[in-house]
Every structure is written in structure tokens, then in C-alpha cells.
Amino acid sequence: MAKDRRPRLDIKRGAIDLSHGAGGRATAQLIEEVFAPAFGASGGGDDFAAIELNAGRVVVSTDGHVVSPLFFPGGDIGALAVNGTINDVAMAGARPLYLTAAFIIEEGFPLSELARIAQSMGRAAKAANVRIVTGDTKVVERGKGDGVFIATTGIGVAPLNVAVSGANIRPGDSVIVSGSIGDHGIAIMALREGLSFEAEIISDTAPLHGLVEAMFASGAEIRALRDPTRGGLAAVLNEFAQQSGVGFRIEEAAVPVKPAVSGACELLGLDPFNVACEGRLVAVCAASDAERLLAAMRAHALGREAAIIGGAVEDAHRFVQMKTAIGGNRIVAWLSGEQLPRIC
């Protein structure tokens with residue numbers, strides 16, 4: 001058999017062309033020289049992955065990532081794709097184990113940037129002790145994409161005795177947020193708009209499964225978990241209200257918001273309650289366990305700013321109401337329309 005004498009990809013100066021998505025030699029070379037080293041893949045050549053799962057409830061979540069720009073303070077689309085999908089699995093009380101990744105890449109996209117994204121994904125997965133086991137690559141013509149889009153699927157296992165859901169929430173339960181809200185969305189918007197602030201605003205993108213494990217280890221009765229991505233904290237609370245048939249009363253002064261984020265929101269005409277996070281969670285627990293759960297969260301690196309922000313109340317209208325910092329009251333409504341496109 002003739003030896004394959006293809007030159008190696010020029011990662012520094014090369015670019016994606018249509019052959020990289022055609023399924024032939026160029027695709028195999030892209031996988032071999034860009035993705036496999038970044039993901040630690042074995043390169044077995046099969047179009048599938050066989051995985052092992054421990055006893056428990058299998059949790060699966062799929063997500064698409066179209067963030068623009070691709071690189072931003074605190075992260076990039078690669079780390080975001082890994083962490084975002086890990087978090088969706090973790091919000092079921094599951095330990096994420098495996099990821100798949102599919103790439104839609106525009107013709108002409110620099111190989112150096114693709115390699116940077118792949119390496120970021122590999123580092124994020126390794127740090128979270130999650131394996132990227134299989135995937136796919138497609139290339140679209142120049143002008144018919146926007147750099148790169150990534151679709152990921154996460155697979156994990158939850159203990160059989162763990163069943164968190166918004167439907168479990170009862171009047172009197174406490175609401176806890178794990179940290180400051182709005183950091184990710186404002187980091188993206190500030191970069192897009194060319195805004196600068198005295199304190200740099202950095203995306204909060206991070207994997208939350210370790211924090212979730214610490215929360216369950218506390219023994220607190222956790223009713224529901226959700227990560228406030230698109231639509232922010234307001235969307236999560238309204239989703240919970242619709243699922244459970246309760247209302248919520250929130251204290252604005254108790255909700256952690258960084259001064260720079262608050263200032264940027266005021267400048268951009270945004271409500272931080274509607275702005276996406278990528279490394280925060282909202283937990284609802286029995287009120288009697290709130291302080292114990294809060295202590296467990298604050299003992300973890302990703303929960304040091306955790307705060308009890310309010311609670312669930314009986315309300316046939318399922319309203320989310322907030323006592324404002326100046327003593328008034330307002331309804332925290334669902335986000336209407338899309339105020340922050342391409343945020344994740």
C-alpha cells in the first residue's frame with residue numbers, strides 16, 4: 001500500500017476549505033491533527049463511541065453554541081460549549097461523564113482559531129473529568145456561516161434517589177443563587193460594543209457539577225436546580241413558577257450583582273435579572289435547610305458569593321415579585337423578545 005505523503009496542516013496560516021467537511025482524507029486529517037490531540041481521543045476510526053455507565057438514572061442534554069464573538073474575556077466558544085452542557089446535566093443532580101461535539105465551520109475559517117477552540121474544549125473537559133468521545137464536522141460555503149458553531153451532547157448519571165424538578169417547589173421554600181448574576185452576558189455585550197470599564201467584566205463560564213455534588217453532600221433537601229443562561233434569573237424563576245404553581249418573592253438587595261455589571265446594564269438599558277450567566281445556578285430548597293445549603297455552597301470555590309434571595313409563596317397567578325432596593329415592589333417578568341442575541 002502506498003504511503004500517505006500528505007503534508008501536515010499549517011495550523012498557523014492555514015484555513016478551512018470545503019474538503020475538510022467532505023468526509024475524505026482532509027476530514028480525517030483535520031480530526032487527526034486538530035481534534036484528536038486536543039480532546040485526548042484514541043483515534044480508533046469508528047463513527048461511534050462505546051461508553052460505560054454506572055448504575056443510576058441516565059441524564060442526557062443537548063445544546064447548541066453560536067456565541068459571537070468567539071473569544072471573550074474569561075472564555076471562548078469552546079470552553080462555553082463544554083461547561084454549558086456539563087451544567088445542563090449537573091442541574092439534574094447528575095455527574096457528567098461524556099460529551100459529544102459537532103462542528104459547523106465556515107469555509108475560510110483560520111485553522112489557528114479552530115485549534116485554539118479545540119484545545120480550550122480539551123482543557124475544559126479534562127478539568128471537569130469529562131471525556132469528549134465522539135463528534136462530527138461539517139463545512140459550509142464562505143458567507144453561509146459565521147466562523148464556527150458547536151453542538152454538544154452531554155451524558156451523565158444521577159443517583160436513583162435524586163429527582164430535582166421545578167415541579168417539586170412548595171410555598172415556603174427558599175431560593176438561593178450561587179453568585180453574582182449577569183457577568184457572562186455583559187462581558188459579551190461590552191466586547192461587542194467596544195465598552196471598557198475600570199473593573200474588567202469577565203464571563204463566569206465554569207462547570208458546576210462539583211458545586212452540585214457539594215450541595216447534595218450537605219444533606220439539604222434540594223427541590224430544584226437550574227442554571228440561569230438565556231433569559232437570566234428572571235426566566236428561571238418564572239419557569240419554576242409555571243412548573244410548580246407557586247409565586248416567588250425576591251429581595252433585590254439580596255441578589256449579588258457586581259458594580260461594573262450593574263453600571264454596564266444601566267448604560268446599555270438592560271436589566272441584570274434578564275442577562276445570561278454561564279457559571280451560576282439557582283437552587284430551591286426546604287426553608288429549614290437553607291442555611292445549611294448556603295454554608296455548603298459558600299465553602300466551594302464556585303459558590304463563595306452564594307446568597308438567599310427570597311422564597312416561594314402561594315400565588316394562583318404565579319407571579320415573581322421583587323421588593324426593590326428603594327422599598328418598592330415590581331413584577332419580574334419573562335424576557336420579551338431577544339435583547340442579547342448570540343450570547344451563548
Side-chain angles (χ1 to χ4, degrees), residues 63 65-91 96 117 120-121 123-125 127-128 130 150 152 154 175-193 195-215 225-237 254-265 268 270-283 294 297-307 309 335 339-340 342-344:
D63 204 356
H65 309 275
V66 299
V67 65
S68 177
L70 299 174
F71 305 93
F72 47 83
D76 54 60
I77 190 172
L80 186 67
V82 170
N83 293 336
T85 305
I86 283 174
N87 292 345
D88 286 342
V89 172
M91 293 306 104
I117 290 166
S120 178
M121 292 181 72
R123 287 192 299 270
V130 171
I150 305 175
T152 45
V175 180
I176 304 176
V177 65
S178 66
S180 59
I181 64 170
D183 294 18
H184 173 74
I186 295 303
I188 299 294
M189 289 302 295
L191 184 58
R192 264 189 219 164
E193 300 298 324
L195 302 176
S196 60
F197 303 92
E198 288 186 12
E200 184 181 19
I201 301 173
I202 298 174
S203 170
D204 55 20
T205 179
L208 294 170
H209 59 300
L211 174 60
V212 171
E213 288 182 3
M215 292 165 65
L225 293 170
R226 195 72 51 88
D227 54 335
T229 54
R230 287 176 298 172
L233 178 60
V236 168
L237 294 175
V255 180
V257 183
K258 290 185 172 67
V261 170
S262 180
C265 283
L268 295 167
L270 302 175
D271 183 343
F273 278 72
N274 295 132
V275 179
C277 307
E278 287 291 343
R280 305 287 186 248
L281 64 79
V282 182
L294 182 66
M297 294 172 72
R298 287 180 172 174
H300 191 278
L302 294 177
R304 289 173 182 162
E305 300 176 343
I309 63 170
L335 177 64
Q339 69 170 353
L340 297 174
R342 304 285 300 278
I343 211 72
C344 58

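With a 4.5 Å cut-off on side-chain heavy atoms, Pro256 and Val177 count as touching. Looking at Leu208 and Met91, their side chains come closer than 4.5 Å, going by heavy atoms from C-beta outward.
Among all heavy-atom pairs drawn from Ala260 and Ile201, the shortest one is O-CD1, 3.7 Å. Of all the heavy atoms in His300 and Gly210, the pair that sits closest is NE2-C, 3.6 Å. Here the shortest heavy-atom pairing between Thr85 and Gly154 reads CG2-N, 3.2 Å. Nearest heavy-atom pair across Ala307 and Ala254 is CB-O, 3.6 Å. Among all heavy-atom pairs drawn from Ile86 and Pro207, the shortest one is CG2-CB, 4.0 Å.
Evaluation of the salt bridge (Lys or Arg N to Asp or Glu O under 4.0 Å) test over residues 176-188, restricted to residues two or more places apart or in two chains, returns Asp183-Lys258, Asp183-Arg280.
Remark: His65 engages Thr152 in a side chain to side chain donor-acceptor pair (under 3.5 Å) (not counting sequence neighbours). Partners of Ala283 according to the side-chain contact (heavy atoms from CB on, under 4.5 Å) rule, which considers only residues two or more places apart in sequence or in another chain, are Met215, Leu225, Leu281, Leu293. Annotation: side-chain contact (heavy atoms from CB on, under 4.5 Å) contacts of Val257 (sequence neighbours excluded): Ile181, Val255, Val261, Ser262, Pro272.
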Run the numbers on Val82 and Val130 for side chain to side chain contact (heavy atoms under 4.5 Å, CB included), then give the verdict. CA-CA 9 Å; Val82 170; Val130 171; 5.9 Å; no
Would you please test Asn87 and Thr229 for side chain to side chain contact (heavy atoms under 4.5 Å, CB included) and show each step? CA-CA 10 Å; Asn87 292 345; Thr229 54; over 6 Å; no
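Remark: Leu70 CG to Arg342 CZ distance equals 8.0 Å, nearest 0.5 Å. With rounding to the nearest 0.5 angstrom, the CE atom of Met297 is 5.0 Å from the OG atom of Ser178.
Within 6.0 Å of the CZ atom in Arg298, the count of heavy atoms belonging to other residues, nucleotides or ligands exceeds 12.
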I'd like a table of donor-acceptor pairs (distance under 3.5 Å, sequence neighbours excluded) in which one partner is a side-chain atom from residues 184-191, with atom names and distances.
| unit_1 | atom_1 | unit_2 | atom_2 | d |
| --- | --- | --- | --- | --- |
| His184 | ND1 | Ser203 | OG | 2.8 |
| His184 | NE2 | Ile343 | O | 2.7 |

Using distance only, find each side-chain donor-acceptor pair of residues 73-80 under 3.5 Å and give its atom names and separation, not counting sequence neighbours.
| unit_1 | atom_1 | unit_2 | atom_2 | d |
| --- | --- | --- | --- | --- |
| Asp76 | OD1 | Gly78 | N | 2.8 |
| Asp76 | OD1 | Ala79 | N | 3.0 |
| Asp76 | OD1 | Ser120 | OG | 3.0 |
| Asp76 | OD2 | Ser120 | OG | 2.9 |

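Thr205 and Asn83 share a donor-acceptor pair across their side chains, judged by distance under 3.5 Å alone.
Checked against Val282 for a side-chain contact (heavy atoms from CB on, under 4.5 Å), the options Ile309, Leu233, Ile176 give a single hit: Leu233.
Although no hydrogens or angles enter the test, the distance criterion places no donor-acceptor pair under 3.5 Å between the side chain of Asn274 and the main chain of Gly232.
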